[in-house]
K.L.:
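Sharing a structure with you now.
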Amino acid sequence: MMETLLGRLGEGALKHDWIEYLAGVSMILGGIVAVVLMTYYKKWKWLWKEWLTSTDHKKIGVMYLVYSGIMLLKGLVDALMMRAQQAFAYGDSTGYLGAEHFQQIFTAHGVTMVLFVGMGLMFGLMNLVIPMQIGARDVAFPFLNNISFWLFVSGGLYILVSLMIGTYAGTGWSSYPPLAGIKYSPSMGVDYWAWTMQISGAGSLLAGINFFVTILKMRCPGMTIWRMPIFVWAALTTMVLVIFAFPILTADVAMLTTDRMIDTRIFTAEYGGNPMMYINLFWAWGHPEVYILVLPAFGIFSEIVPVFAQKRLFGYLTMVWALIGITLLSFIVWLHHFFTMGAGPHVNAFFGVMTMIIAIPTGVKVFNWLFTMFRGRVIFKTPMLWFMGFIVVFVSGGMTGVLLAIPGVDFQVHNSLFLIAHFHSVIIGGVVFGFFAGYTYWFPKFAGFFLNERIGVWSFWFWFIGFLVAFLPLYLLGFMGATRRLNHYDVMGWQPLFVIASFGALMIGIGFFLQCYQLYVSIRDREQNPAGNDPWNARTLEWDSTSPPPFYNFAEIPEVHERDAFWAMKQSKEPKEKVAYHDIHLPKNTASGFWIGATSFMLGFGLVWQMYWLGALSLLGMLAAIIARLYNKHTDYYVKVAEIEKIETGKA
């Protein structure tokens, strides 16, 4: 009876080492503190009605950023633990992490940072900014936006739950078979990984469809595609990648799951399966995924540089075509991830050349940003510091990528720390620095006050210098033969470089702590640092509204006649006509997305532990939530003219 109820969930699932116990206790205590504070300040109703059930794209964007910030903290702790282990695990010393635990941390770190930090931060910014940049009041499908977020959250919870119940995969974030097969990984770790990828991937795919339709169909009058801001173009090309790439991941992980659950043997070589097919499909998603992360950052820099150079963006059309070129080329470079696996010289040569060619449109964008700055009156506020840091780190990392595109070189450094250093140069230098630039730039728009500039500068320098100290040694270690996933080594010459790298990781951690402190100080001193409606003398439509903007974004949908629409409005000498307000149609909040996310998490949890009754109940609960939403006829409302007038005149 108990076996039917609990499946394979037994006492052994709760046995962990002291570090995992510490992490679990920390999460439980943090949860208790949060519950006590919410109860003490009587904020549960506010949290539920104003945030958790919201369909407002701005609030959903903030929730993405909060969740991704928590996951960034988790990912940074993972990185510090791995670097500390490698700094001490030389010779007779085995360090403080066991080999199995190290591999689980390695896997969780990769999944966390790629899917729940990179994706989450960019979706958060796009939720905040894109509808306002195109002059819309919301995304095309607000309820779908709510569901997307909760599926995203649910997928990430498996990483956190595995710290207390069971273990996470130790297969690396890509989980190649046969290692990820049931024969070599019989525990629940890979199953946790699979449902992480599937549920969060479903949320990302739905969000991709939503933003794709939003950009194509919700633009304000006069905003043709050739008048869209570059950030909108970057989001559009990113959504094309999401729509075409994520179904590949879904199919690939589904086949791996059936191999594990019902022994289909699709990737089992001894029964006629082919593990290389899994790797092909994984990277057919995995390399476009890199550009899903990076393209929005390119769009962010394309908004920031003209504002702080006080010039129009140089080469708008070439920037757009560069985005389109990167989008197309990103689907024909995936095989460079396995040059060493026997595809043959002709295939390797083709994918090597394609990888080098994709550097051309990327280089076009870099030169256009620099030409925008040329002879401009550049203001070096924190967003521009992040841009300059991006130029140094991303361009150098891109050059090592071109080097890796040479199959002969790749044969020497494949699966080494050289590859890790290259990848982090692109992702941290591009995606993370890009997000921080956008976060600093758009924060006063949505908060109404500035972030503390002095602390922001300090955090930038800790991140920038810390990154160089943490990852430049890895290039050397890669050339010296150090492989990734290395929890112990016997080469004496490696240890000093690992110690330096761990010190750099600590500096990055200090930079993140300073950003948290910056946010606290900025909120504390918000009355002394009001931003106003246009603090940067900006160029795009999101600034044609109050800071923070009202829940309906615009009292009257704007009409544009050229690029840089807000800049053109400010330069126009024609007096503004008095606005005739009309009732505004908006969606109501809904709890359905939250329940769909919660039941999807329980569905995966039940299948991981073979508690099939829980999986069946969860599936029924999910269907019930969907059906209840479909039968709900009161999903929207109108904001009346009287309320709009009160808000716009500041009398609300």
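Heads up: numbering here begins at 1 and tracks the sequence.
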K.L.:
Any side-chain heavy-atom pair from F498 and L417 closer than 4.5 angstrom?
P.N.:
yes

K.L.:
I want to know whether F390 and F433 have ring centres closer than 6.0 Å.
P.N.:
no

K.L.:
So do I647 and F551 actually touch side chain to side chain, heavy atoms under 4.5 Å?
P.N.:
yes

K.L.:
How about W46 and W51: do any of their side-chain heavy atoms sit closer than 4.5 Å?
P.N.:
yes

K.L.:
Stepwise, does the side chain to side chain contact (heavy atoms under 4.5 Å, CB included) test hold for N529 with S522?
P.N.:
CA-CA 8 Å; N529 294 296; S522 302; over 6 Å; no

K.L.:
Quick one about T53 and W48 (side-chain donor to acceptor, distance below 3.5 Å, no hydrogens or angles considered), yes or no?
P.N.:
no

K.L.:
Using the rule given for side chain to side chain contact (heavy atoms under 4.5 Å, CB included), can you reason through V431 versus L121, listing the C-alpha separation, both sets of side-chain angles and the distance that settles it, and then say yes or no?
P.N.:
CA-CA 9 Å; V431 180; L121 295 179; 6.0 Å; no

K.L.:
Inspect the contact between R227 and D564 and indicate whether a charged nitrogen and a carboxylate oxygen are less than 4.0 angstrom apart.
P.N.:
no

K.L.:
Can T318 and N368 be counted as having a side-chain donor-acceptor contact under 3.5 angstrom?
P.N.:
yes

K.L.:
Answer whether the closest heavy-atom distance between the side chains of V305 and L313 falls below 4.5 Å.
P.N.:
no

K.L.:
Ring centroids only, cut at 6.0 angstrom: are Y64 and F152 within range, meaning strictly under it?
P.N.:
yes

K.L.:
CG of L151 to CG of N146: how many Å apart, nearest 0.5 Å?
P.N.:
9.5 Å

K.L.:
Is the shortest heavy-atom distance from the side chain of F298 to the side chain of F394 under 4.5 Å?
P.N.:
yes

K.L.:
Any chance you could measure M507, atom CE, to W461, atom CH2, to the nearest 0.5 Å?
P.N.:
11.0 Å

K.L.:
Check this for me: does any side-chain nitrogen of one of R137 and E556 sit under 4.0 Å from a carboxylate oxygen of the other?
P.N.:
no

K.L.:
Inspect the contact between K445 and E542 and indicate whether a charged nitrogen and a carboxylate oxygen are less than 4.0 angstrom apart.
P.N.:
no

K.L.:
Name the one of F301, Y441, F211, W442 that satisfies ring-ring contact (aromatic ring centres under 6.0 Å, His included) with F231?
P.N.:
W442

K.L.:
Does the separation of the ring centres of F449 and F443 fall below 6.0 angstrom?
P.N.:
yes

K.L.:
Answer yes or no: does atom NZ of K381 have more than 12 heavy-atom neighbours from other residues, nucleotides or ligands under 6.0 Å?
P.N.:
no

K.L.:
Less than 4.5 Å apart, side chain to side chain, heavy atoms only: is that true for P229 and Q133?
P.N.:
yes

K.L.:
Can you see whether Y475 engages S425 through a side-chain donor-acceptor pair at a distance of less than 3.5 angstrom?
P.N.:
yes

K.L.:
Heavy-atom count check: over 12 atoms from other residues, nucleotides or ligands less than 6.0 Å from Y581 OH?
P.N.:
yes

K.L.:
Which residue in the set W458, W463, Y439 passes side chain to side chain donor-acceptor pair (under 3.5 Å) when paired with Q515?
P.N.:
W463

K.L.:
Going by side chain to side chain donor-acceptor pair (under 3.5 Å), T382 matches just one of Q518, R454, E453. Which one?
P.N.:
E453

K.L.:
More than 12 heavy atoms of other residues, nucleotides or ligands under 6.0 Å from CZ of R375: yes or no?
P.N.:
no

K.L.:
Applying side chain to side chain contact (heavy atoms under 4.5 Å, CB included) to M388 and M373, what does each step give before you reach the verdict?
P.N.:
CA-CA 11 Å; M388 298 306 294; M373 295 174 64; 3.8 Å; yes

K.L.:
Do M218 and D138 make a side-chain contact, defined as non-hydrogen atoms from C-beta onward lying under 4.5 Å apart?
P.N.:
no

K.L.:
Can you tell which of F308, F467, F460, F380 makes a ring-ring contact (aromatic ring centres under 6.0 Å, His included) with W386?
P.N.:
F460

K.L.:
So, do D544 and M569 sit near enough that their side-chain heavy atoms are less than 4.5 Å apart?
P.N.:
yes

K.L.:
Would M223 and L541 count as a side chain to side chain contact (heavy atoms under 4.5 Å, CB included) here? Give the steps.
P.N.:
CA-CA 11 Å; M223 184 173 283; L541 276 182; 3.8 Å; yes

K.L.:
If we check ring-ring contact (aromatic ring centres under 6.0 Å, His included) with W233, which of these qualifies: W226, Y316, W321?
P.N.:
W226

K.L.:
Before giving the answer on ring pair (Phe, Tyr, Trp, His ring centres under 6.0 Å), spell out for Y67 and W150 the whole-Å C-alpha distance, their side-chain angles and the decisive distance to 0.1 Å.
P.N.:
CA-CA 11 Å; Y67 186 68; W150 286 114; 8.6 Å; no

K.L.:
Can you see whether N145 engages N127 through a side-chain donor-acceptor pair at a distance of less than 3.5 angstrom?
P.N.:
yes

